[in-house]
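Every value quoted in this text rests on a predicted model; they were computed, and no experiment measured them.
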Amino acid sequence: MASEESLRSLRALMPGLESGTCEELAKVPVTSVPPGTVLFRPGDRPPGFVLLLEGAISVTLTGRSGREIVLYEVQPGETCVQTTMCLLGEQVYSAEGTTRGMTRVIIVPPGQFRRLLESSPGFRGFVFRSFGTRLADVTSVLEQVAFVRIEARLAGELLRRADPNGVVTLTHQELAAGIGSAREVVSRRLEILARDGLVALDRGQIRIVDSRRLREIAEIDASA
């Protein structure tokens, strides 16, 4: 029997979905996953197509040196390009997916996923639109790492991650993964920003002091 809560969520997140397909997906059990749970690792095979109803999934790639980079984050109504590629190409994961915050997902079994791709135009359109968006995100990350200076990437990440009070609670390692750099490099750059009066480094958090100058650093380099 379809869950009324799942039906409401799916209709809101996938407005172009046919009613029959929506009701079918709403019958798939909802899985609640605590924050910090690793959903998949390199070498794993996908258990199915993940539909995110609540929370977020951070997808990271780790190099041989141990450095991490965040490829993208999946939000409700979005899909994971790694999972889609693995299911379509019968491949294994090359990245790691970790939940951020309490997360609720529907995992559509591989056979059902392939059948819906063939039979449901709404589902097929949703999958490939989301796939294109995720690929664009990955391309943007590669462009940033290849062509934008670390100072500008760090300034942009701080502004993006700050709460309404200008406070960033990420660790230096998490910031480094977010901009594709090393923790030691990020720590040095943060010390320089603090020395110049742009941020304040408090215990367990970074407080933005001068957002205008941070924005100038990010925008000047991005337009160079």
Side-chain angles (χ1 to χ4, degrees), residues 9 13 30-87 91-108 126-127 129-146 148 150 152-164 167-187 189-190 204-206 218:
S9 297
L13 298 173
V30 176
T31 302
S32 296
V33 187
T37 299
V38 177
L39 295 178
F40 55 82
R41 294 181 173 86
D44 289 350
R45 291 193 176 276
F49 184 72
V50 176
L51 288 173
L52 185 62
L53 303 180
E54 181 182 332
I57 301 170
S58 180
V59 180
T60 60
L61 188 66
T62 303
R64 292 182 179 179
S65 65
R67 280 175 50 184
E68 294 181 351
I69 183 171
V70 178
L71 295 177
Y72 54 89
E73 285 191 354
V74 184
Q75 301 292 332
E78 299 176 344
T79 62
C80 172
V81 69
Q82 277 270 314
T83 300
T84 305
M85 288 193 302
C86 289
L87 287 171
Q91 302 293 318
V92 296
Y93 284 107
S94 60
E96 181 172 290
T98 307
T99 57
R100 291 175 58 86
M102 194 64 192
T103 301
R104 295 171 62 248
V105 298
I106 289 175
I107 301 178
V108 184
F126 168 77
V127 169
R129 281 193 303 272
S130 299
F131 186 80
T133 300
R134 291 276 73 81
L135 280 181
D137 290 342
V138 173
T139 301
S140 177
V141 169
L142 293 175
E143 181 182 22
Q144 289 282 314
V145 172
V148 179
I150 288 175
R153 297 189 337 244
L154 179 57
E157 188 76 357
L158 289 171
L159 291 167
R160 187 171 73 90
R161 295 290 195 170
D163 66 16
V167 175
V168 180
T169 55
L170 297 179
T171 66
H172 292 193
Q173 179 59 50
E174 289 170 328
L175 282 171
I179 66 172
S181 185
R183 181 187 59 78
E184 296 80 3
V185 174
V186 166
S187 296
R189 294 302 192 280
L190 285 172
Q205 64 181 28
I206 302 160

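- Here the side chain of Ser181 pairs no donor or acceptor atom with the backbone of Ala177 at under 3.5 angstrom.
- Under the side-chain contact (heavy atoms from CB on, under 4.5 Å) rule, Phe40 has a single partner from Val50, Val92, Thr98, Val59, which is Val59.
- Residues Glu78 and Arg134 form a side-chain contact, since some pair of their non-hydrogen atoms from C-beta on lies under 4.5 Å apart.
- For the atom pair CZ (Arg183) and NE2 (His172), the distance works out to 8.5 Å, reported to the nearest 0.5 Å.
- Of all heavy-atom pairs spanning Leu87 and Pro46, the tightest one is CD2-CG, 3.8 Å.
- Between atom OG1 of residue Thr99 and atom CZ of residue Arg104 there is a gap of 14.0 Å, rounded to the nearest 0.5 Å.
- Checking side-chain atoms of Ser94 against main-chain N and O of Pro42 turns up no donor-acceptor pair under 3.5 Å.
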Applying side-chain contact (heavy atoms from CB on, under 4.5 Å), run through Leu175 and Ile206 and close with a yes or a no.
-> CA-CA 11 Å; Leu175 282 171; Ile206 302 160; 3.5 Å; yes

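- Side chains of Glu96 and Val38 form a contact here, defined as non-hydrogen atoms less than 4.5 Å apart.
- Put simply, the side chain of Pro76 does not reach to within 4.5 Å of the side chain of Leu53, judged on heavy atoms.
- The structure places CD1 of Ile57 at 10.0 Å from OG1 of Thr79, a figure rounded to the nearest 0.5 Å.
- The side-chain heavy atoms of Pro35 and Arg100, taken from C-beta on, include no pair separated by under 4.5 Å.
- Taking CG of Leu170 as the reference point, atom CD of Gln173 lies at 11.0 Å (rounded to 0.5 Å).
- Note that CD of Glu73 and CG of Asp137 are 10.5 Å apart. Values are rounded to the nearest 0.5 Å.
- Residues Gly156 and Ala218 share a closest heavy-atom pair of N-CB, 3.9 Å.
- Scanning all heavy atoms of the two residues, the minimum distance from Ser58 to Val70 falls at OG-CG1, 3.9 Å.
- When side chains are defined from C-beta on, Leu190 counts as touching Leu158, because their heavy atoms get closer than 4.5 Å.
- The shortest heavy-atom contact between Phe126 and Leu13 is CE1-O, 4.4 Å.
- Residue Tyr93 comes nearest to Arg41 through the heavy atom pair CB-O, 3.4 Å, listed as atom of the first residue, atom of the second, then distance.
- To the nearest 0.5 Å, the span separating CG on Leu52 from CG on Leu39 amounts to 9.5 Å.
- Under a 3.5 Å cut-off, the side chain of Ser32 and the backbone N or O of Val30 do not form any donor-acceptor pair.
- Closest approach of Phe49 to Thr83, counting heavy atoms only: CA-CG2, 4.2 Å.
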